[in-house]
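Below, read A as the first sequence line, B as the second, and so on, with proteins coming before strands; counting in each chain starts at 1.
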Amino acid sequence: MPIDFAALRKKQMAENAARLKKLDLDHPIVPPRPKPTPKVASKPSRKRKDSNTSGELEARPAKMAKNASTVTEIDASVASEEGPRRSRRTSGRASLNYNESNLTRMSPRLTKTMRPQLASKKLSGQGGSGLMLNKRVHDPKTFGAIPGIEVGTWWGSRQECSIDAVHAPWVAGISGSRTKGANSVVLSGGGEYHDDLDMGHTFTYTGAGGRDLKGTANKPKNLRTAAQSSDQSFENACNAALLKSVKTQLPVRVVRGYKLESRYAPETGYRYDGLYLVKEAWMATGMNPHGYKVCKFSFQRIDGQPDLPEREDYESEEERSVTPEIEETSD
DNA sequence: GGGCCCGCAGGG
DNA sequence: CCCTGCGGGCCC
C-alpha cells in the first residue's frame, strides 16, 4: 500500500507553515516600513540598488532572540513508493541577459559562456578594487555582512558568489562549522526539498547529508548531488553548524537561487538577500521516496534590511496547498 | 530533456 | 590526505 506522497508533502508543509507562523507570533512589533513603490517585478530596467541609503547592516547578533532552542523530534514513520512529483518550473534560464539585467553590480569575471576552468584562473594584473579580481578578498567565515556586498547583490553563478565571500562552497548549500555555527546558506530548491516554504522574511530549510554520492560505473563518486538514501542527522557537520546557530543567534547570510520555487527567488542566478537567524531545528520526514528523515530549520530575517524583491506573477503552488480554503487544485 | 563528467572549497 | 556538497557545462 503506497503512501499518498502528495498527502505527506501537504502534511509536511503544514508543519513547516506552523513553524513559520510561530516565528511571526514571536516576532517583536516593528514599525511598518514606508513602502512607496512596490515595484521590482517584471522590468528591471536599471540597477536596483535603491533603498539602501544608510550603511550596511552590521553583523550584530540580534538582541531579540529569546527563543528556546529546541530540537523537536517529529515522528513520522511513513514511507512511500512514489517520488516527489516534479512541478513544472517557469523560471528556467530563459531571459538571461548579461548586458542589462537587474544587477547591482556586474561582475566581468564569469559569464555563462566561460568555462569554470577558465574562471578559476586569476586575471592577472587586475589589482585595485578587489571586486574585479578573480580571487577572494574577504573572509567567508565572517558572521554577518560582507563589506561592500549590499543586500540584493546578484551573481550569475555560485562561483562568483564564492569569490565575493558571501557563500564559500561551490556546491554545498550550508557553510559553517559545527563549533561556531553557520555563516551562510543558499536556497536553491530541488526535489528533495520540495516541502520547504519560503515566506520571504521566514523560510524553512532542509539540512544536508543522507545522500549516496555514488557516481557512474566508470567514475565512482563523480556526482556532486544525489537522491536521499539514508536518514540525515545533526551529526552532519553542516546540520550541526545550523543547529549551533540556533544557540548562538548569530546572523546567517542568505542567498536565493533561481531554482528555488518561490516568489522571492531570482529569475536567474543567485541573489544575496541579507541576514537571517536560525530559530528552530527539528527532524521531519523528507520528501524522498523512502521517507528518510531530514533535518529541518526555520529562518527569520533580521529587521532593518532592504525589502526583498518579489515576483508578483509567481503562482505559488505551495501557498495554495497550505491555504485551507481555496483548494481547487485538481490536476 | 537526462546522463555524465568536471573543478572546487571546506572540513575531518 | 580523504571525502562531501541544493553546480554547471557538455554531450546525447
### Query
Taking CZ from A:Arg211 and P from C:dG5, how many angstroms apart are they, rounded to a whole number?
8 Å

### Query
Closest to the A:Ala208 side chain: C:dC6, B:dG10, C:dG8?
C:dC6

### Selected nucleotide, minimal atom distance to A:Ser188 side chain, candidates B:dG12, C:dG7, B:dA9
C:dG7

### Query
Looking at A:Arg256, A:Gln305, A:Arg301, which hits side chain to side chain donor-acceptor pair (under 3.5 Å) with A:Asp273?
A:Arg256

### Task
For A:Cys238 and for A:Arg158, locate the closest nucleotide of DNA chain C by heavy-atom distance; then report the residue assigned to the nucleotide nearer the 5' terminus.
A:Cys238

### Query
CG of A:Asn239 versus C1' of C:dG5: gap in Å, rounded?
12 Å

### Spacing between A:Trp155 atom CH2 and C:dG8 atom P, to the nearest angstrom
13 Å

### Query
Does the side chain of A:Lys259 get closer than 4.0 angstrom to OP1 or OP2 of C:dG8 through an N or O atom?
no

### Query
Are A:Lys11 and A:Glu15 ion-paired here, with the side-chain N under 4.0 Å from a carboxylate O?
no

#### Entry: Side-chain N or O of A:Lys180 closer than 4.0 Å to phosphate OP1/OP2 of B:dG11
no

### Closest nucleotide among B:dG11, B:dA9, C:dC6 to the A:Ala237 side chain
B:dG11

### Query
What's the CG-C1' distance between A:Leu187 and C:dG7, to the nearest Å?
16 Å

### Query
Under 4.0 Å between a side-chain N or O of A:Ser162 and OP1 or OP2 of B:dC8?
no

### Query
Given atom CD1 of A:Ile174 and atom P of C:dG7, what is their separation to the nearest angstrom?
12 Å

### Task
Indicate, with a heavy-atom threshold strictly under 4.0 Å, whether A:Gly207 touches base, sugar-phosphate, or nothing.
nothing

### Task
Using the P atom on both, measure C:dC6 against B:dG12 and round to a whole Å.
16 Å

#### Entry: Carboxylate-amine/guanidinium contact A:Asp196 A:Lys296, below 4.0 Å
yes

### Message
Return whichever of A:Val171 or A:Pro140 has its heavy-atom-nearest nucleotide of DNA chain B closer to the 5' end.
### Response
A:Val171

### Message
Mind checking if A:Tyr205 touches a base, just sugar-phosphate, or nothing, with heavy atoms under 4.0 Å?
### Response
base

### Query
Is any side-chain N or O of A:Gln159 closer than 4.0 Å to OP1 or OP2 of B:dC8?
no

### Message
Tell me which nucleotide, if any, is Watson-Crick or G-U wobble paired with C:dT4 when both distances must be under 3.5 Å.
### Response
B:dA9

### Task
Please determine if a side-chain N or O atom of A:Arg256 lies less than 4.0 Å away from the OP1 or OP2 oxygen of C:dC6.
no

#### Entry: Sugar-phosphate only, base, or nothing, as touched by A:Gly209 at under 4.0 Å among non-hydrogen atoms
sugar-phosphate

### Message
For A:Cys161 and A:Val255: C-alpha separation, side-chain torsions, deciding distance, then whether side-chain contact (heavy atoms from CB on, under 4.5 Å) applies.
### Response
CA-CA 9 Å; A:Cys161 179; A:Val255 173; 4.1 Å; yes

### Task
Would you tell me if any nitrogen or oxygen in the side chain of A:Arg178 comes within less than 4.0 Å of OP1 or OP2 on B:dG10?
no

### Residue list, side chain to side chain contact (heavy atoms under 4.5 Å, CB included) with A:Ser177, at least two apart or on another chain
A:Thr179, A:Lys180

### Query
What residues, two or more places apart in sequence or in another chain, satisfy side-chain hydrogen bond (donor to acceptor under 3.5 Å, both in side chains) together with A:Asn239?
none

### Query
Among C:dG8, C:dG5, B:dG11, which is the nearest nucleotide to the side chain of A:Ala172?
C:dG5

#### Entry: Length of the CG-P vector between A:Asp273 and C:dC6, whole Å
19 Å

### Query
Would you call the rings of A:Phe299 and A:Phe203 parallel, tilted or perpendicular, where under 30° means parallel and over 60° means perpendicular?
parallel

### Task
Send over the distance from A:Asp164 CG to B:dC8 P, rounded to a whole Å.
18 Å

### Query
What nucleotide among C:dC6, C:dG8, B:dG11 has an atom nearest to a side-chain atom of A:Ser177?
B:dG11

### Task
Would you indicate, yes or no, if B:dG11 has its OP1 or OP2 atom less than 4.0 angstrom from a side-chain nitrogen or oxygen of A:Asn236?
no

### Whole-Å gap separating C1' (C:dG8) and OH (A:Tyr258)
7 Å

